[in-house]
Amino acid sequence: MKVKTRFAPSPTGSLHIGGVRTALFSWLYAKQNNGEFVLRIEDTDRERSTQESVDVILEGMAWLGLSADEEPIYQSQRFDRYNEIIDQLLEQGDAYHCDCSRERLDTVRQEQQARKEKPKYDGCCRQRTDVNLNEPHVIRFKNPIDGSVKFDDIIKGSIEIANRELDDLIIRRSDGSPTYNLTVVVDDWDMDISHVIRGDDHINNTPRQINLLKALKAHIPFYAHLPMILGDDSKRLSKRHGATGVLQYDLDGFLPEALLNYLVRLGWSHQDQEIFSVKEMVKLFSLEQVNKSPSIFNPDKLLWINQEYIKMQNDSRLAELVKPFIKMLGIDLNRGPELEPVIQLQKERAKTLKDLAEVCAFFYGTIAEYEKKAAKKNLKTKAKKGLQALYKEFESSAWTQEGIKKSIEGVVERQQLSFGQVALPLRVAITGGAPSPGIDETAFLIGRDQVRKRILNAIIFIDQSNPETPN
RNA sequence: GUCCCCUUCGUCUAGAGGCCUAGGACACCUGGUUUUCAUCCAGGCAACAGGGGUUCGAAACCCCUAGGGGACGCCA
């Protein structure tokens, strides 16, 4: 059997983490079985579907690298096909016209709730033949009344739901448009979807869809219902509930592979392994091993994984990735050293690309202001002599890492100070107090002139902050 | 309310009846390395929801209870 999976979002908002994980698992399953993965845009709700949302989905999938094997399918372009099927169902006697008003439906529902029953359509029009087709009406599917629907979910196991729990769902609205359960069934069938992988909020729809499939004598795909991802209040992640859109993660400086890696570990694991390349995921992922229980989204762990990815990234790729963030900070790369060596030194000090851009900032341009604590601790009158000596020393010393280190050590020795007493003020002088690598390599990259200039500024700063103190 | 699904450290998870005195990871805490921060290293804290069975033996199997989530739309 050829494996074919699909990701079928509705373009009614941002593409969030939950959707992305569903997409990822579907994609992984297709890839590992040499199958196909396709994207289907479920835009039958013309009221709420927007082009912006479609673009966000497309962009998000592209950013993540979850490529589809066919052009995306838009349900809004397949209405003829849906209508054909609805008419067929009508002809077969598996569907019927219903002109119940919304008011009546509401009343019925309320009564049922008052009786503590599950609200369902009562089948009022099921046997009627006198519905006026010139008046507004809908078409409903004749769901079987007896028996039950049973299916083996790859993740959840055997699930059985009695038909008496189901009602006659609307398959064509009064405006003539088809509804979700109908379109899903038709599309999965037409597209030859072998495995339906989706969130477990769809478990309840599955028996309805199977009944529809049976009425159409279509083959029934395998189902795999993924547990939900919940917010830290253990409420379901939804569009208005802490559900950050994927593109925001891009903007925040996350690597797509890191996001994918975090997501693949939500509900799935492979021994004690935490880091998986996309290649490894494809190889090792197993739908059968996906957990049944929901998991809570943990931003701290995402951050950790992102940091791991930043650390293992090669410097040239990282430099490319960080450039947009550098730009956003208004940093002019022409006013300092090459970016790559700077990245190499700073990459273990950043959890996101945004962080990375920030810690690179002091290499370019001048120090606008010192970090308060660092300045208070290190830019004191006591530090002035050392800085003055360094200023002089650096004028002519060899400008290599080694040479810089020797210069500092020379000052330390001559002034009978500890290494820290000299190096720390220097560090604050040239970095402003930002986290930075070894002082010699940092100074080396910043460059002789700039380092000396910054030392001078630090001395001025010391004088200004301690006007009372004589030299 | 009804139906469906779920339940191991705070969080993600390992666990397929004896390997479990329950393992790993994030977070947190303590120490070490270090020239700041980070990295790195060593250590610590911390869980089988509760109750009944089944079994020589149960975190694992069954039942009940409790708790959580989902569905119950002319949304998807």
Q: Base, sugar-phosphate or nothing for A:R115? Non-hydrogen atoms, less than 4.0 Å.
A: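 No contact.
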
Q: Considering only side-chain heavy atoms of A:K351, which listed nucleotide, B:rG23, B:rC26, B:rA27, is closest?
A: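 Between B:rG23, B:rC26, B:rA27, the one nearest the side chain of A:K351 would be B:rA27.
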
Q: Please determine if A:R6 forms a cation-pi arrangement with A:F37, meaning its NZ or CZ atom is less than 6.0 Å from the six-membered ring centre and no more than 45° off the ring axis.
A: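 Relative to the ring axis of A:F37, which defines the angle, A:R6 lies outside at least one limit.
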
Q: With no angle test and no hydrogens, is the base of B:rA76 tied to the side chain of A:N205 by a donor-acceptor pair under 3.5 Å?
A: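 Checked by distance alone, the answer is yes.
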
Q: Once you apply a heavy-atom cut-off of 4.0 Å, does A:S293 come out as touching a base, just sugar-phosphate, or nothing?
A: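 Counting heavy atoms under 4.0 Å across all strands, the contact made by A:S293 is with sugar-phosphate only.
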
Q: For A:I203, report the nucleic acid contact type (base, sugar-phosphate, nothing); a contact means any heavy atom under 4.0 Å.
A: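 Sugar-phosphate contact only.
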
Q: Looking at A:K292, I'd like to know whether one of its side-chain N or O atoms comes within less than 4.0 Å of OP1 or OP2 on B:rC6.
A: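 Looking at the OP1 and OP2 atoms of B:rC6, one of them is under 4.0 Å from a side-chain N or O of A:K292.
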
Q: Counting Watson-Crick and G-U wobble pairs only, both distances under 3.5 Å, name the nucleotide matched with B:rA58, or none.
A: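 Result: none.
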
Q: Write down the distance between CG (A:N291) and C1' (B:rA16), rounded to a whole number of angstrom.
A: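 Value for this atom pair: 13 Å.
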
Q: Can you check the distance between B:rC26 and B:rU33, where both ends of the measurement are the P atom (answer in whole Å)?
A: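 Each nucleotide's P atom is 22 Å from the other's.
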
Q: Please work out if A:E42 contacts a base, only the sugar-phosphate, or nothing of the nucleic acid, heavy-atom cut-off 4.0 Å.
A: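 Since only primed, P, OP1 and OP2 atoms lie under 4.0 Å of A:E42, the category is sugar-phosphate.
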
Q: Looking only at side-chain atoms of A:R265, point me to the closest of B:rG24, B:rC3, B:rG73.
A: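 Nucleotide nearest to A:R265's side chain: B:rG24.
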
Q: Can you name the one residue among A:R126, A:R208, A:K120 that meets side-chain hydrogen bond (donor to acceptor under 3.5 Å, both in side chains) with A:D168?
A: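 That would be A:R126; it is the only one of A:R126, A:R208, A:K120 passing the side-chain hydrogen bond (donor to acceptor under 3.5 Å, both in side chains) with A:D168.
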
Q: Figure out the CD/P separation between A:E103 and B:rC74, and round it to whole Å.
A: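 To the nearest whole Å, that distance equals 13 Å.
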
Q: B:rU36 P sits how many Å from A:E348 CD, rounded?
A: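 The distance from CD of A:E348 to P of B:rU36 comes to 14 Å, rounded to the nearest Å.
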
Q: In whole angstrom, what separates A:L266's CG from B:rC12's C1'?
A: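 Rounded to the whole Å, the gap is 7 Å.
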
Q: From B:rC37, B:rC12, B:rC74, pick the nucleotide closest to the side chain of A:P435?
A: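 Given the options B:rC37, B:rC12, B:rC74, the side chain of A:P435 is closest to B:rC37.
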
Q: Measure the CG-CG distance between A:L379 and A:L387 for me, rounded to the nearest 0.5 Å.
A: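 That separation rounds to 7.0 Å.
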
Q: Report yes or no: is the cationic atom of A:R452 (NZ for Lys, CZ for Arg) closer than 6.0 Å to the six-membered ring centre of A:Y391, at no more than 45° off its axis?
A: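 Verdict for A:Y391: a cation-pi partner in A:R452.
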
Q: Assign each of A:A350 and A:Y180 to its nearest nucleotide of RNA chain B by heavy atoms, then name whichever residue's nucleotide is nearer the 5' end.
A: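 Its nearest nucleotide lies further toward 5', so the answer is A:A350.
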
Q: Report the base-pairing partner of B:rU33 (Watson-Crick or G-U wobble, both distances below 3.5 angstrom), or none.
A: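 Check on B:rU33: unpaired, no WC or wobble geometry under 3.5 Å.
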
Q: Using the C1' atom in both, what is the distance from B:rC19 to B:rG10, to the nearest Å?
A: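 To the nearest whole Å, 29 Å.
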
Q: Expressed in whole Å, how much space separates the P atoms belonging to B:rU11 and B:rG50?
A: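 Taking atom P in both B:rU11 and B:rG50, they lie 15 Å apart.
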
Q: Rounded to whole Å, how long is the line connecting atom CG of A:D187 with atom P of B:rA76?
A: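 Interatomic distance, CG of A:D187 to P of B:rA76: 12 Å.
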
Q: I'd like to know if A:K283 and A:E280 make a salt bridge, using a cut-off of under 4.0 Å between side-chain N and carboxylate O.
A: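 So A:K283 does not pair with A:E280 through a salt bridge.
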
Q: Could you work out the separation of B:rA22 and B:rA16 based on their P atoms and round it to a whole Å?
A: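 These two P atoms come out 16 Å apart once rounded.
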
Q: Please report the distance separating the P of B:rC12 from the corresponding atom of B:rG73, rounded so that it comes out in whole Å.
A: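 Nearest-Å result for B:rC12 against B:rG73 at atom P: 31 Å.
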
Q: Mind checking A:K116 for me? I need base, sugar-phosphate or nothing, with any heavy atom below 4.0 Å counting as a touch.
A: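 Answer is sugar-phosphate: A:K116 comes under 4.0 Å of backbone atoms only.
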
Q: Between P on B:rG70 and CG on A:D201, what's the gap in Å once rounded to a whole number?
A: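 To the nearest whole Å, that distance equals 9 Å.
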
Q: Considering only B:rC3, B:rC6, B:rC40, which nucleotide approaches the side chain of A:K156 most closely?
A: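 Per side-chain heavy atoms of A:K156, the pick is B:rC6.
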
Q: How far does the P atom of B:rC29 sit from the matching atom of B:rC45, given to the nearest Å?
A: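 About 16 Å, rounded to a whole number of Å.
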
Q: Tell me the interatomic distance from A:R164, atom CZ, to B:rU2, atom P, rounded to whole angstroms.
A: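 In whole Å, B:rU2 P and A:R164 CZ are 14 Å from each other.
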
Q: Do the side-chain N or O atoms of A:R109 get closer than 4.0 angstrom to the phosphate oxygens (OP1, OP2) of B:rG73?
A: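 Yes, A:R109 has a side-chain N/O under 4.0 Å of OP1/OP2 on B:rG73.
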
Q: Write down the distance between CG (A:L302) and P (B:rU11), rounded to a whole number of angstrom.
A: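 The distance from CG of A:L302 to P of B:rU11 comes to 18 Å, rounded to the nearest Å.
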
Q: Would you check if there is a donor-acceptor pair between the side chains of A:D43 and A:Y74 at a distance under 3.5 Å?
A: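 No - no donor-acceptor pair under 3.5 Å links their side chains.
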
Q: When the nearest nucleotide of RNA chain B is assigned to A:D300 and to A:I161 on a heavy-atom basis, which residue is associated with the more 5' position?
A: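 Checking each residue's closest nucleotide, the 5'-ward one belongs to A:I161.
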
Q: Rounded to the nearest 0.5 Å, how far does CD of A:Q209 lie from CG of A:N204?
A: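 Here the rounded value is 11.0 Å.
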
Q: Considering only the C1' atoms, how many Å lie between B:rC61 and B:rA42, rounded to the nearest integer?
A: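 It works out to 41 Å between them.
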
Q: Kindly point out which of B:rC12, B:rU11, B:rA76 is positioned nearest to the side chain of A:N298?
A: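 The listed nucleotide nearest to A:N298's side chain is B:rU11.
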
Q: Base, sugar-phosphate or nothing for A:K311? Non-hydrogen atoms, less than 4.0 Å.
A: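 Result for A:K311 = sugar-phosphate.
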
Q: Who does B:rA49 pair with, Watson-Crick or G-U, both distances under 3.5 Å?
A: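 Pairing partner, where one exists within any strand: B:rU65.
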
Q: What's A:N378 touching, base or sugar-phosphate or nothing? Going by heavy atoms closer than 4.0 Å.
A: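 Counting heavy atoms under 4.0 Å across all strands, no contact is made by A:N378.
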
Q: Heavy atoms from C-beta onward define the side chain here; which of B:rU36, B:rC12, B:rA76 lies closest to that of A:R349?
A: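 Nearest nucleotide to the side chain: B:rU36.
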
Q: Just checking A:T44: base, sugar-phosphate only, or nothing, at a heavy-atom cut-off of under 4.0 Å?
A: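 Sugar-phosphate, backbone atoms only, no base.
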
Q: Scan every strand shown for a Watson-Crick or G-U wobble partner of B:rG17, both distances under 3.5 Å, and answer none if you come up empty.
A: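 Because no pair has both required distances under 3.5 Å, B:rG17 counts as unpaired.
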
Q: Give me the distance, rounded to whole Å, that separates B:rC48 from B:rU39 when you measure between the C1' atoms they each carry.
A: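 Comparing C1' positions in B:rC48 and B:rU39 gives a spacing of 35 Å.
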
Q: Centres of the A:F297 and A:Y262 rings: under 6.0 Å?
A: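 Yes, ring centres under 6.0 Å apart.
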
Q: Once you apply a heavy-atom cut-off of 4.0 Å, does A:H202 come out as touching a base, just sugar-phosphate, or nothing?
A: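 Counting heavy atoms under 4.0 Å across all strands, the contact made by A:H202 includes a base.
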
Q: Which is true for A:G438 with a 4.0 Å heavy-atom rule: it touches a base, it touches only sugar-phosphate, or it touches nothing?
A: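 Base contact.
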
Q: Reckon A:P227 touches a base, only the sugar-phosphate, or nothing at all at heavy-atom distances under 4.0 Å?
A: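 A:P227: no heavy atom of the nucleic acid under 4.0 Å.
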
Q: Are any of the side-chain nitrogens in A:R40 or A:D188 under 4.0 Å away from the carboxylate oxygens of its partner?
A: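 Looking at A:D188 together with A:R40, the answer is yes, because their closest N to O distance falls below 4.0 Å.
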
Q: Does B:rC3 pair with anything, Watson-Crick or G-U wobble, both distances under 3.5 Å, and if so, with which nucleotide?
A: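 Looking at the geometry, B:rC3 pairs with B:rG70.
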
Q: A:P294 near the nucleic acid: base, sugar-phosphate alone, or nothing, with a heavy-atom cut-off under 4.0 Å?
A: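 The answer is sugar-phosphate, as A:P294 gets under 4.0 Å only of primed atoms, P, OP1 or OP2.
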
Q: Which one is paired to B:rA22, where only Watson-Crick or G-U wobble pairs with both distances under 3.5 angstrom count?
A: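 Looking at the geometry, B:rA22 pairs with no nucleotide.
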
Q: Over all strands shown, is A:S436 touching base, sugar-phosphate only, or nothing at heavy-atom distances under 4.0 angstrom?
A: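 Since a base atom lies under 4.0 Å of A:S436, the category is base.
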
